[in-house]
Amino acid sequence: MELKTALQRGSKLLEEAGVSPARLTAEVLLCHALGKDKPYLYAHSDEELSQPAWIHYGRYLHERMEGKPTQYITSRQEFYGRDFFVSSAVLIPRPETEHLVETALRLVPKAECAIDIGCGSGAIGISYHLESGAPTHLCDLSAEALDVARYNATKLTAPVTLHCADFGSALRARSVDLILCNPPYVPLGDGAVLQREVREHEPALALYGGESGVEPYRQVVGQALWALRPHGWILFELGYQGLDAVREMLSWPAWENLEVVDDLAGWPRVIAARKTP
Ligand SMILES: C[S@@+](CC[C@H](N)C(=O)[O-])C[C@H]1O[C@@H](n2cnc3c(N)ncnc32)[C@H](O)[C@@H]1O
């Protein structure tokens, strides 16, 4: 079978299974099966698909139709212009999370010491470190997630420091001037509103933030007052209903310069505040 036919058939199967965007997904999976990039696919569309590549492609299509996210099939996701390795031990970094890195770089172009709490794949902390050159710590409760972050740090030549710690202890005995955190923020009872791909494949530890969805914020803010140096900044990614509660946690007189940044869809996505001296 020629590559162009394989692409057409794959797109059709995905479309029938309700996967969107079908064509783009088929392209990514076929490229992954071939070990080639998209320009190759189109420049060699008359080439015959080898039997091993056909077997791999078939398996990938099947996995995707069963709901497995494309990124867990290809083991990669681009974030802030770099290629991150991902496995089912970590949340797939979202494009909206780039606003957190962008805001951090604007408010604190080069921290003396930064920390990414709940680092998952390391996308936030590694990107901030590589863009700013600031000494950066990454921590997560999941040892498997830390393995992924460590792999990405090595692959991207980012000499960050990794720790296994939970939200309540990550900042203990630490002095930092920038805290970055994208905590799990889905309320426990809201699993049903998540897409099937997310609910069934992404780690529960990365998704659910207790009964209210804001408990992890409270834990980090409680620690932050002790760990942040005067004028230090704290930045969180926001969930779909956390704004009011988190704004309340970051109110004056302990905090100043509160700022909320919307994402491209107009949703409040990042909240930032500076510790009063
Ligand atoms: C929403 S994910 C964010 C991952 C990554 N920072 C990103 O933006 O793609 C939340 C992360 O927090 C970690 N986590 C969950 N509960 C935690 C806790 N109690 N202490 C520390 N980390 C925790 C999860 O393992 C997960 O990696």
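Indexing begins at 1, ligand by ligand and atom by atom, following the structure's order. This one's a predicted model, so the numbers in the text were calculated from it and none came from an experiment. Values reported hereafter were calculated over all heavy atoms of this structure, with side chains retained and with hydrogens, waters and symmetry mates removed. The chain is numbered in sequence order, starting from 1.
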Connected hydrophobic set around Leu205, excluding itself, where side chains approach under 4.5 Å
Leu141
Counting the benzene-type ring for Trp, do His32 and Tyr60 have ring centres under 6.0 Å apart?
yes
How about Lys12: does its NZ atom have over 12 heavy atoms from other parts shown lying under 6.0 Å from it?
no
Donor-acceptor contact below 3.5 Å, side chain Thr25 vs main chain Pro21
yes
Can you name the salt bridge (charged side-chain N to carboxylate O under 4.0 Å, His left out) partners of Arg196, sequence neighbours left out?
Glu200
Pairs under 3.5 angstrom, nitrogen or oxygen on both sides, ligand 1 versus protein: list them out, please.
{"from": "ligand 1", "atom 1": "6 (N)", "to": "Gly118", "atom 2": "O", "distance (Å)": "2.8"}
{"from": "ligand 1", "atom 1": "6 (N)", "to": "Cys119", "atom 2": "O", "distance (Å)": "3.3"}
{"from": "ligand 1", "atom 1": "8 (O)", "to": "Asn182", "atom 2": "ND2", "distance (Å)": "2.8"}
{"from": "ligand 1", "atom 1": "20 (N)", "to": "Phe167", "atom 2": "N", "distance (Å)": "2.9"}
{"from": "ligand 1", "atom 1": "22 (N)", "to": "Leu141", "atom 2": "N", "distance (Å)": "3.3"}
{"from": "ligand 1", "atom 1": "25 (O)", "to": "Asp140", "atom 2": "OD1", "distance (Å)": "2.7"}
{"from": "ligand 1", "atom 1": "25 (O)", "to": "Asp140", "atom 2": "OD2", "distance (Å)": "3.4"}
{"from": "ligand 1", "atom 1": "27 (O)", "to": "Gly120", "atom 2": "N", "distance (Å)": "3.4"}
{"from": "ligand 1", "atom 1": "27 (O)", "to": "Asp140", "atom 2": "OD2", "distance (Å)": "2.6"}

Listed pairs under 3.5 Å, donor-acceptor, residues 50-59 side chains, sequence neighbours left out:
{"from": "Ser50", "atom 1": "OG", "to": "Ala53", "atom 2": "N", "distance (Å)": "3.2"}
{"from": "Tyr57", "atom 1": "OH", "to": "Ala6", "atom 2": "O", "distance (Å)": "3.0"}

